[in-house]
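Take a look at the structure set out below.
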Amino acid sequence: MALASVTGFATTQRQEDGMSTSATGTVSFGRIVRMNKPPRQGRLLQLLGRLKEIPIATGGLTGSQLEEALELMENSRTQPKTANVLIAEDNPVANKLLVKQLQKYDLNVVSTVDGSEAVREWEKNGIGFFNFALFDHHMPVCDGVEAAKRIRFLEARKKASVILPIVALSADCQESTKELCLSAGMTGFLTKPIRAGDLPNLIRTYGSPKQATQPVPPTT
């Protein structure tokens, strides 16, 4: 009996040990599986999801569910599983929601309530520990703009080999606000509320610390 492996190669070896049959009728021999031809897209997704330990519902999938499952698998493939994220958000409801959204992607989140606390966490954990940061633009005590300036100054003083990508979060979508954040040394800008596709794009873009040849202090 010819069996197709998940790597796309064929084998005639039948493995009795570890054989299992899924609810969809797919027979698995360890990392080798047998499926009826032609394979259905839903079954392929369930199989790949199981191998990648991604929860994908069994049974029939609608078109929108198929698209969602494909997006979930793509995000899992491209997103780092152990990324550390630093956030600064003074609104407790928004802070809790942002943490929950990030944790859906298996990220380790360090939450702070103002820019000064965020800078202290960055210093405490060391350069390169955080993959990226999300700072609210407007906060009491120390806002995201001032926090970004402080971190960029410290990176330059320490001659950091990597810089922390800092993304501003703001309900103010005016171009002048965006320019203010970027001129302070921030890497990106997102308007609130965050849209569904924003976080996956952020993780794909800033999943790893960015190399810095020569950190330059932000303009004042």
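Quantities reported herein were computed from a predicted structural model and do not represent experimental measurements. Just so it is clear, the values below take in all heavy atoms, side chains as well, and ignore hydrogens, waters and symmetry mates.
Between the Gln174 side chain and the Ser176 main chain, no donor and acceptor come within less than 3.5 Å of each other. Checking side-chain atoms of Ser116 against main-chain N and O of Cys142 turns up no donor-acceptor pair under 3.5 Å. A distance-only check finds a donor-acceptor pair linking the side chain of Asp198 to the backbone of Arg195 [under 3.5 Å].
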Just do the side-chain contact (heavy atoms from CB on, under 4.5 Å) check on Asp143 and Glu146 with the steps written out, would you?
-> CA-CA 6 Å; Asp143 60 22; Glu146 179 59 30; 3.4 Å; yes
Can Asn84 and Phe132 be said to form a side-chain contact (heavy atoms from CB on, under 4.5 Å), step by step?
-> CA-CA 7 Å; Asn84 299 307; Phe132 65 95; over 6 Å; no
Check step by step if side-chain contact (heavy atoms from CB on, under 4.5 Å) holds for Thr187 and Thr205.
-> CA-CA 11 Å; Thr187 320; Thr205 304; over 6 Å; no
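Between Val85 and Phe130, the shortest heavy-atom contact is C-CD2, 3.7 Å. Scanning both residues, Ser170 and His137, for their nearest heavy atoms gives OG-ND1, 3.4 Å. The heavy-atom pair separating Asp114 from Pro140 by the smallest distance is CB-O, 3.8 Å. For the residue pair Gly185 and Arg152, the shortest heavy atom distance occurs at O-NE, 2.7 Å. The two residues Thr191 and Cys173 make their nearest non-hydrogen contact at CG2-CB, 3.6 Å. Contact detail for Glu155 and Ile163: the closest heavy-atom pair is OE2-CA, 3.4 Å.
When side chains are defined from C-beta on, Glu179 does not count as touching Leu182, because their heavy atoms never get closer than 4.5 Å. The closest side-chain heavy-atom distance from Phe135 to Val145 is not below 4.5 Å. With a 4.5 Å cut-off on side-chain heavy atoms, Phe189 and Thr177 count as touching. With contacts defined as side-chain heavy-atom distances shorter than 4.5 Å, the pair Asp136/Asn95 does not qualify.
With Ile87 as the partner, the side-chain contact (heavy atoms from CB on, under 4.5 Å) test is satisfied by one option alone out of Val113, Val167, Leu102, Val110: Leu102.
The pair Arg120-Glu123 does not meet the salt-bridge criterion, since no charged nitrogen lies less than 4.0 angstrom from a carboxylate oxygen. Looking at Asp172 and Lys178, no side-chain N of the basic residue comes within less than 4.0 Å of a carboxylate O on the acidic one, giving no salt bridge.
Going from atom CD1 of Ile194 over to atom CG of Leu97 covers 8.0 Å, rounded to the nearest 0.5 Å.
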